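Only this structure's heavy atoms are used, side chains among them; waters, hydrogens and symmetry mates stay out. Just so it is clear, the structure is predicted and the values come from calculations on it, not from any experiment. Letters go in sequence order (proteins before strands), and every chain restarts at 1.
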Amino acid sequence: MVALTIVRLRNIFAVVMLSGIYSFLMATTFLVLDAVDVAFTEAAVGAGITTVLGLAAMALTTDREKIPTHWPTLPLAVVVVTGAILLYAVPDMPRFGAADSPIHRHVVPRYIDETPRAIGIPNIVTSVLADYRGYDTLGEVTVIFTAGVGVLLLLGRTRRRPKGSTK
Amino acid sequence: MIAANLPALQVVIPLIGAPLCMLLGRGRIAWALSAAATWAGFAVAIALLVAVIEHGPISYTMGGWAPPWGIEYRVDYLSAFVLLIVSGIAAVVMPYAYHSVNSEIPESRQRLFYTAYLLTFAGLLGMAITGDAFNAFVFMEISSLSSYVLISLGRSRRALYAAFQYLVLGTIGATFFVIGVGLLYMVTGTLNMADMAERLAAQADSRVTLAAFGFLVVGLSLKLALFPLHLWLPNAYTYAPSMISALLAATGTKVMVYLLLRFMFTIYGGGLHLGVAPVYHVLMVLGLLAAVTGSLVAIFQDNIKRMLAYSSIAQLGYMALGISFASGTGITAATVHLFNHALMKGALFMVMGSVMLRCGGTTIAHLRGLGRRMPLTMAAFVIAGLSMIGVPGTVGFVSKWYLVQAALGSGFWPGVPVAVVVLAASLLAVIYIWRVVEAAYFADPDGGAGAIEEATWPMVAATWILAGGCVVFGLTTDLTVGVASRVATLLLTGAP
Amino acid sequence: MKEHLILRVISKELIPFVMLFALYVQMHGDYGPGGGFQAGVVFAAAFVLYGLVFGLKTLRKVAPVAVVGALVALGLLIYAGTGVAGLLLGGTYLEYGPLAHDPVHGHHYGIMVIELGVGITVAAVMITIFQSFAGRGEPEQD
Amino acid sequence: MAANFVYVFAIVIAMIGFYVVIDRGNLLKKLIGLNIFQTAVFLIYISMGKISGGTAPILYDGDAPFSNPLPHVLILTAIVVGVATLALGLGLVVRIKEAYGTIEEDEIQAQEAAEEDGP
């Protein structure tokens, strides 16, 4: 519902706010689905950072969207086809909530069995994140690092400090 | 100890180099640091390729967790070859970069510029070496995000818009890729590529497997700019800083081709038993269309960088074509062309960077009479250009030879018509390369600008390494074709 | 917003608690939900709040751009360096086992150190991003 | 199909987001669309990790089955990647606004076309 409204609205301020609400709803959904860590992150990132950033960017640009002049045949077609392919796959997906689908039987049981013994911490998400798949997380930090470097390059001020001065 | 950890070092060296560069890089140190990291990466890549040729595929476990629980790095012929291409081009670009970047990027930003460059490098290497599907996504984003930034640093304001378009389309591509990986994970329960391939056999008739295939192919095609999903590429390559154009044109899309090969063949085993044969037909048609339209549009470009960008689209079409035959020769052609195209496109974009440095622009008008003023640089253009056309004795010929062989090997229909179209597209390449040669050698300079001279010697030398490579590897094909044909066997039969 | 006394007083009271919560999330990631990333975000939020209430200039004094920039790189170095440490101690990259005599402790230490790296980078990047965006809005002054 | 309504729901949202990305001309709105699209994809991942009657994957006493932690980990990473992309995209939008004076796609393209015809 919220998502639909975002499509319709032309006032960017409202859109940014609504997308914050959308993230919050998503976070709640994640919570219901037992993904506590993800819910926490989505709430902090989606509803927090994204909204602040969106508002900041909006303040620097404009808050009205122009009314489109064309009828969106092609984009609509692309979207419908993409959605259809996904929907086509749904009937063959493992039943929602079933404990015997492949992802629960392969790989993961070892994480759950072994974590308390080998790593000694109770939060399995943390143990997988930081240890078993720690390399992914290194990549994740690098992505954040890249974003920082990128934003500095794009928006940072180019003040020349006199040579020899250190931080 | 170093030998045992080579696969990790390959990516970790530039990855650690990036924050170091940000911390310490003042003035020349930034350049020196990234050059050191790049060359070390190149050395590691050579060592890896040698090790693979001698001892077969290498598996390296991150954090000591055996796959599929941990993340595995897997180096076989294909990944070692791609690593060599990426790090080789990056290594050659570095000496070139020094003057080119000095003239195009304000000094206060060079520190971060090189940081971002190292990140792109690390990301490209990470994608090529990893044996984990999700890890590939993470590194894809590292390289993409940093290249969006690098492109946006071009001098014209259009670089900004080009980077934004690339960001949106690139992210859609990456998200499609994530959907595909997610669907695969759903049915196999694993993220390790080798494990996935094994377990997928039992899921061959699942609709999820099929849908995943679709999303992976479309997502990667978007990333590798397969016609008609190429819209981001011309602007991105045209307005990026010269050095970045050279690096990305030579390596960026190649790594995506690599991932496509990985997923289509290593994981899906060619996928033909899944009834995805139509995908190959579509790929063939799109490849042909790309080759023809890319070359045609290139002819009408006034800006040479843009012309080269359209030519890249055509060349990527050849690669798609090679893949679409799903035969030994076809994959050999596509793989060898990865290497060859990196050489020639790298050289061509480097020439344009030199022209940019000396003349301030890269339109046909800027090139008038340059044959006499920058003889070495323009001679490199001619050699790489001949290679682009596919003249015997150059690498371009080698690629086309195998491509035509593959086409003819697939029977009269569609083999012969495809071969004819490939040759026709080569004729189009003659036209667009000739336009440049004509302007450079047969047109009089537009008076006035008499101060134009040869680019600095590191730039010329770097350009010539690649241009020379076009000839050397055109004459001796043992290394390139040798590895490429082993890659083809590996992908088609699964045997190393 | 510099003239709103109530706002200033309340946020001054609030900020230490936000930071404390961030530290809790950072340290408690092993046991409950949370970890370096979330902690970094919350920690940065404290600075963002400070910047919003007291102005960007004051924020720059508390968190100078150069220092924050150095922290961005430092966090990633801590993480990647932990990997190298595992490598030097005879394991593979990012193997935590060799970090302590008892492998289980090694894993625990490893996770704590890398989470710290994550937290530092994330917080520093978020502050950087905020400063950059906010810095664009006001006229160049220095 | 009925049991998998979560997936259908996620797919519909994803497609709404996707539509906003490719159709809308406002660059800011494109980025928000991208965000919606990605978050919906995250929902697909998280849904597959759920086990009916399961609990969050944090070890306590008790023997309820744990929901699958691996998708959670992947999505944590993906969320971070998403926000990094968003930050960069917004940075670009701000710069585009400064350079072109507008963030509407058709106006930018019109300006570029005018440049090309001119000298």
Side-chain angles (χ1 to χ4, degrees), chain A residues 3-4 6-7 12 15 19 22 26 29-30 33-38 41-42 45-46 49-50 53 57-58 60-62 65-66 68 72 75 78-79 82-83 86-87 90-91 93 95-97 99 103-104 108 111-112 116 122-125 128-129 133 136 140 143-144 146-147 150-151 154-155, chain D residues 1 3-4 6-8 11-13 15-20 22-26 28-29 32 35-36 39 43 46-52 54-60 65-73 75-77 79-81 83-84 86-88 90-95 97 103-104:
Chain A
L4 263 182
I6 292 179
V7 184
I12 304 282
V15 169
S19 85
Y22 163 79
M26 269 300 182
T29 319
F30 292 152
L33 294 171
D34 295 339
V36 274
D37 283 84
V38 181
T41 314
E42 177 66 27
V45 170
I49 302 176
T50 309
L53 279 182
M58 188 194 79
L60 294 174
T61 53
T62 169
E65 187 194 12
K66 272 191 13 177
V78 172
V79 169
T82 317
L86 273 173
L87 288 176
V90 169
M93 287 180 183
R95 201 166 49 77
F96 172 71
I103 64 166
H104 300 309
V108 164
Y111 293 150
I112 297 176
N123 188 344
I124 303 172
V125 171
V128 177
L129 181 91
R133 296 189 66 89
D136 257 359
E140 170 195 322
V143 169
I144 281 286
T146 313
V151 169
L154 283 171
L155 301 178
Chain D
M1 196 89 172
N4 285 343
V6 192
Y7 297 124
V8 178
I11 290 167
V12 170
I13 300 181
M15 288 308 116
I16 292 173
F18 187 36
Y19 171 74
V20 173
I22 55 179
D23 182 52
R24 288 305 138 125
N26 186 296
L28 215 52
K29 210 161 167 187
I32 293 170
N35 193 26
I36 297 176
T39 314
L43 183 58
I46 299 296
S47 315
M48 54 172 130
K50 169 77 179 170
I51 295 180
S52 306
T55 63
I58 297 176
L59 299 171
Y60 289 114
F66 297 114
S67 282
N68 194 323
L70 190 49
H72 300 181
V73 173
I75 290 317
L76 280 177
T77 306
I79 288 179
V80 175
V81 171
V83 74
L86 190 78
L88 271 186
L90 290 174
L92 274 172
V93 169
V94 170
R95 286 287 302 276
K97 168 75 179 178
I103 54 167
E104 294 289 338

| Least distance between heavy atoms, D:A84 atom then A:V143 atom | CB-CG1, 3.5 Å
| query | chain D heavy atoms under 4.5 Å from A:T82: which part of the residue, side chain, backbone, both or neither? | reply | both
| task | Taking all non-hydrogen atoms of both residues into account, name the closest pair between A:T41 and D:L76 and its distance. | result | OG1-CD2, 3.0 Å
| For the student: nearest non-hydrogen atoms of D:T39 and A:F30, plus distance | O-CZ, 4.4 Å
| task | Using non-hydrogen atoms and a 4.5 Å limit, figure out which bit of D:L88 sits close to chain A: side chain, backbone, both or neither. | result | both
| remark: Whatever's closer than 4.5 Å to a heavy atom in chain A on D:L86 counts as side chain
| said: I want to check something: taking the side chain as every heavy atom from C-beta on, are A:E140 and D:V81 in contact at a cut-off of under 4.5 Å? | reply: no
| message | Less than 4.5 Å apart, side chain to side chain, heavy atoms only: is that true for A:D136 and D:V73? | response | no
| note | Exactly one of D:V8, D:V12, D:I11 clears side chain to side chain contact (heavy atoms under 4.5 Å, CB included) with A:L86, and that residue is D:I11
| D:Y7 side chain near A:L87 side chain, heavy-atom distance below 4.5 Å | no
| note | One option among D:V83, D:I75, D:L90 has the most heavy-atom pairs under 4.5 Å with chain A, and it is D:L90
| remark: Rounding to 0.5 Å, atoms CG (D:L70) and CZ (A:R133) come to a distance of 6.0 Å
| How long is the span from the CG atom in D:L92 to the CG atom in A:L154, to the nearest 0.5 Å? | 5.0 Å
